[in-house]
Amino acid sequence: MAAMIETERLTKSYGGKRGIADVSFTVEEGEVFGFLGPNGAGKTTTIRLLMALLRADNGNARIAGLDCWRQSLEVKRLVGYVPGEPALDPNLSGGQILEYFAHLRGGVDHAYLKQLVDRFELDTSRKFRQYSTGNKRKVVLIQAFMHRPKVLILDEPTSGLDPLNQQEFDLMVKEARDQGRTVFLSSHILSEVEKTCSSVGIIRDGRLVRIGDVAEVKAIKRYEVVITFAAAVPVEAFRRLDGVVEAELLTHGHGVRLAMQGPADAVIKAAANYPVVALTSYEPSLEDIFLRYYEDSPPAREAHDVA
Amino acid sequence: MWLSSVFLKTLRDYRIPIVGWGIGMGLVVVSPMASVATLLTTPQAREQLVSLAATFAWNADVVAVDTIGGYATFKIGVFIFLTAVWPLLAASRMLRGEEDRGSLDLLLSLPRSRLAVALEKLAALWTALLAMGLLIGLLVFAGGRQFGGDFGFADALLFGVNLALVCAVIGGVALLISQFTQERGPAAGWTAGLLLIFIVLDMVRRVIPSGGWLSRLSPIYYYNLSKPLVPSYGASVGAMLFLLALAVVLSGAAVWLFARRDVGGTVPLPRWLRLPERPATRALPVGDWSLRSVYARSLGTIALPTLWWTLGIAGFAAWIVVAVQQMETRLPALLSGSPTVSHLIKNIGGGDASLNAGFLSAIFVLLPLFLMAFAVTQVNGWSADEQDGRLDLVLAAPQPRLTVLLGRFAAIASATVVVGLVTLLASAGAAAATGLTLDAGNLAAATLGMIPLGLLTAAIGYLASGWLRTAADTGLLSFLLLIWFFISFIGPELAWPEATLRLSPFYYYGTPLLNGLQLTSMLGIIAVAAVALSLGALRFVRKDIGV
């Protein structure tokens, strides 16, 4: 497979403020790449550099072998883009916005555009300012997909979408992948990336700290299990079990909170020795994962490829 | 400390306008004091000034205009519009603007009643207006001391307070209207329209003596009942109290409605006033011409503001033509014994003041000023679009940045041409209808000659937007416009050197109604505009968007 998106030591700062530094990665053609990171990590800066909305201080970015800045026009013909915070003329209706962008792009198949409108059940008669957050997101998603782009660059695309439309979006990404199109999806929702992406990059404080396939990221994913018992239990019974990273006793002494990584088999078997009242498992936010995983380690100078 | 309450936070937001607008408006009042001080040297000159003012009696009350304070009061007559711009913008933004942005939702989620939030914001707005009024009063007092005014400190402060009161009324109108509109823009637009009507209503009593009752419908009438800078006239406590009561009623009604309606919604209109609900559809507007390109979209966006500005500018031109025709027989007699007045008009108009065209020429030089103000509003739109991220998706489409910029600029250029052409047709029509004789070529030069000045303003704005954010860009352009205005309209009276006068584009516009188009000067303006636009384009194609 050929490289579709490539960045090499891509660097951008805003005056004295940090943007991104030395970000290098490659996304192969047909790949769905998740770009993960907490808020302010540099995801949007990277995407705006790919879209030639920003000019890199150093390094370069290429899409389909074309330089994102110098050949931006050719690049944009290949790309469908969803910005993180879609801002459009508030006085245009959804239909007018789609029609306008169809003209700006040229060559849009109106039958396909209509299909997308139907698929998202978008009322095209309402003005953009009258739309809910989710409907605004639908308009922007449709304009990104309407010309069947080779590359989709999506900055937190499902933010504000209801579960049904998120499902529809997941399906569209899957279809795009099946058709051999490349998707670059930025998100801070780990489960979304797990569901739709084949590989991921993790950015932190403007530097790419990890890049690899989804399974590798899952390996760093911790989750939390809270078990409540009918009587007091010794926390030591859980502390050294396989998969337990941290264990603490709940304040009333009748339960434990466990930070887990990996299978929960040992914990379940240990808990079975006591009268269990309730067992709850929480998936922590990516923020929590970052805080825990990286709290003691400074970001790597280079991305650590674990693939 | 400034973030400890809604009142203080809102007042903090107003700190720059308080200082900027206060000083700016103060200077607007003081500047005629400076110019008139040089004219009031002899009793004859005073007489001449009074007779000149009488010619413009439709504009403002002619009361003791041969004094520093009287002349300043007279001169700012129509400029009350300028003073009211900030309060109408601020009041329409106060609640509706925050609802637009969604920031009010969070504020209202705090354990604080809607009424308290609205009242604190209103109190901050009024405090800001009062602070501006006091600042204006201080500057006016200083101006009076400098140029020999005969009014005292209390009079100057009363003048500022009177201005603040009428601004509070206009703000109240905007706040009330904003309860019925989905966005702040229409509220500001409707209020500006009403303000124009108020100004015209106030003028009625000066033009048609029997129409005095109509003027009483305008808050401007009550503002004009007080002339604290004319000690012999003084301030009308009753009128000022009436303005205060009016401001309280209008703002109170707005706050009352706000406390009872949906946040983000509007006060429900009676059924017969409501637009019919659009049925939901999934159809696309395939044949819409305004969606075919950046240029067409830009044209569609500015069509409505262009219509209003065209009506305003062309209407003003036609009205002036009619007014001059009506004064045709009186004008030569009025000015024959006033060499200073004739000189004043000649300085601005460029010809013999006793001729209709000469007098008209002196007024027509305001037209390019209006067109340039229109250009400033359009530059503001361009800059705001970039700052608010509305250009991101357009630039993500395969459109060269240069095409996007030039498409937008071409739309402004088209709009200025429309304004120029309609103004030409309106004034030619008015002249033909009233039988006023004007040189057709010169009339075309005067109306179409303002187009390059509008383009120059827009081009400079586009250039500056490459570095400045929206507020700074608009502020810079407004400041330039103000400076150019003073150079060209006050400079000759103060006998400023030719080199200074040449710094203003109005100098190159000249007096086309009398002397025709100065082709070389116009080409020069166009060349400077082209250079500014080219540099602006160069910057835009290389810059980071939205940074």
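In what follows, every chain begins at residue 1, and chains take the letters A, B, ... in the order their sequences are listed. These values consider heavy atoms only, across backbone and side chains, with no hydrogens, waters or symmetry-generated copies.
When side chains are defined from C-beta on, B/Arg297 does not count as touching A/Leu104, because their heavy atoms never get closer than 4.5 Å. Looking at A/Arg105 and B/Pro398, their side chains come closer than 4.5 Å, going by heavy atoms from C-beta outward. The side-chain heavy atoms of A/Glu99 and B/Val286, taken from C-beta on, include a pair separated by under 4.5 Å. The shortest side-chain heavy-atom distance between B/Glu183 and A/Pro90 falls under the 4.5 Å cut-off.
For A/Leu122, the part lying near chain B is the backbone, with the side chain staying farther off; criterion is any non-hydrogen pair under 4.5 Å. Heavy atoms closer than 4.5 Å to chain A are found in the side chain of B/Thr301, but not in its backbone. Neither the backbone nor the side chain of A/Val82 comes within contact range of chain B; no heavy atom of the residue lies under 4.5 Å from a heavy atom of that chain. For A/Ala144, no part lies near chain B; criterion is any non-hydrogen pair under 4.5 Å. Heavy-atom distances place the backbone of B/Asp388, and not its side chain, under 4.5 Å from chain A. For B/Thr281, the parts lying under 4.5 angstrom from a heavy atom of chain A are both the backbone and the side chain. Residue B/Arg401 touches chain A through its side chain alone, counting heavy-atom pairs closer than 4.5 Å. Interface remark: A/Ile153 contributes no atoms to any contact with chain B (heavy atom separation under 4.5 Å). Residue contact with chain B, scored on non-hydrogen atoms closer than 4.5 Å, involves the side chain of A/Gln143 exclusively.
A/Ser125 approaches B/Ala280 most closely through the heavy-atom pair OG-CA, 4.1 Å. Nearest heavy atom pair, residue A/Lys114 against residue B/Arg282, reads CE-O, 3.6 Å. The minimum heavy-atom distance linking A/Tyr81 with B/Ala396 is given by the pair CD2-CB, 3.4 Å. Scanning both residues, A/Leu88 and B/Arg390, for their nearest heavy atoms gives O-CD, 3.6 Å. The two residues B/Val541 and A/Trp69 come nearest to each other via the heavy atoms O-CZ2, 3.6 Å.
In terms of heavy-atom pairs under 4.5 Å with chain B, the best-connected choice from A/Glu121, A/Met51, A/His110, A/Glu85 is A/Glu121. Per-residue counts of heavy-atom pairs under 4.5 Å with chain B were compared for A/Gly15, A/Ala87, A/Ser72; the largest is that of A/Ala87. Looking only at heavy-atom pairs under 4.5 Å with chain A, the residue among B/Val394, B/Asp392, B/Val547 that has the most is B/Asp392. Of the listed residues (A/Leu49, A/Leu98, A/Leu92), the one with the most heavy-atom contacts under 4.5 Å to chain B is A/Leu92. Note on B/Asp288, B/Val294, B/Asp100: by heavy-atom pairs under 4.5 Å with chain A, the leading option is B/Val294. For the options B/Leu395, B/Leu393, B/Leu284, B/Thr403, heavy-atom pairs under 4.5 Å to chain A are most numerous at B/Leu393. Each of A/Gly80, A/Gly106, A/Gly94, A/Gly95 has some count of heavy-atom pairs under 4.5 Å with chain B, and the biggest count is that of A/Gly95.
The number of heavy-atom neighbours closer than 6.0 Å to CZ of B/Arg542, taken from other residues, nucleotides and ligands shown, is 12 or below. Enclosure of atom NZ in A/Lys43 by more than 12 non-hydrogen atoms of other residues, nucleotides or ligands within 6.0 angstrom is indicated. For B/Arg260, the CZ atom is densely surrounded, since the number of other residues' heavy atoms within 6.0 Å is greater than 12. For B/Leu106, the CG atom counts as loosely surrounded, since its 6.0 Å shell holds 12 or fewer non-hydrogen atoms of other residues, nucleotides or ligands.
A distance of 11.5 Å separates CG in A/Leu53 from NZ in B/Lys543, rounded to the nearest 0.5 Å. In this structure, CG on A/Asn91 lies 10.0 Å from CG on B/Leu304, to the nearest 0.5 angstrom.
Counting only distance, with no hydrogens or angles, the side chain of A/Gln96 and the backbone of B/Leu291 share no donor-acceptor pair below 3.5 Å. Using a distance-only test at 3.5 Å, with no hydrogens or angles considered, a donor-acceptor pair links the side chain of A/Thr124 to the main chain of B/Ala283.
Of the options A/Arg48, A/Lys12, A/Arg55, a side chain to side chain donor-acceptor pair (under 3.5 Å) to B/Asp544 is made by A/Lys12 and by none of the others.
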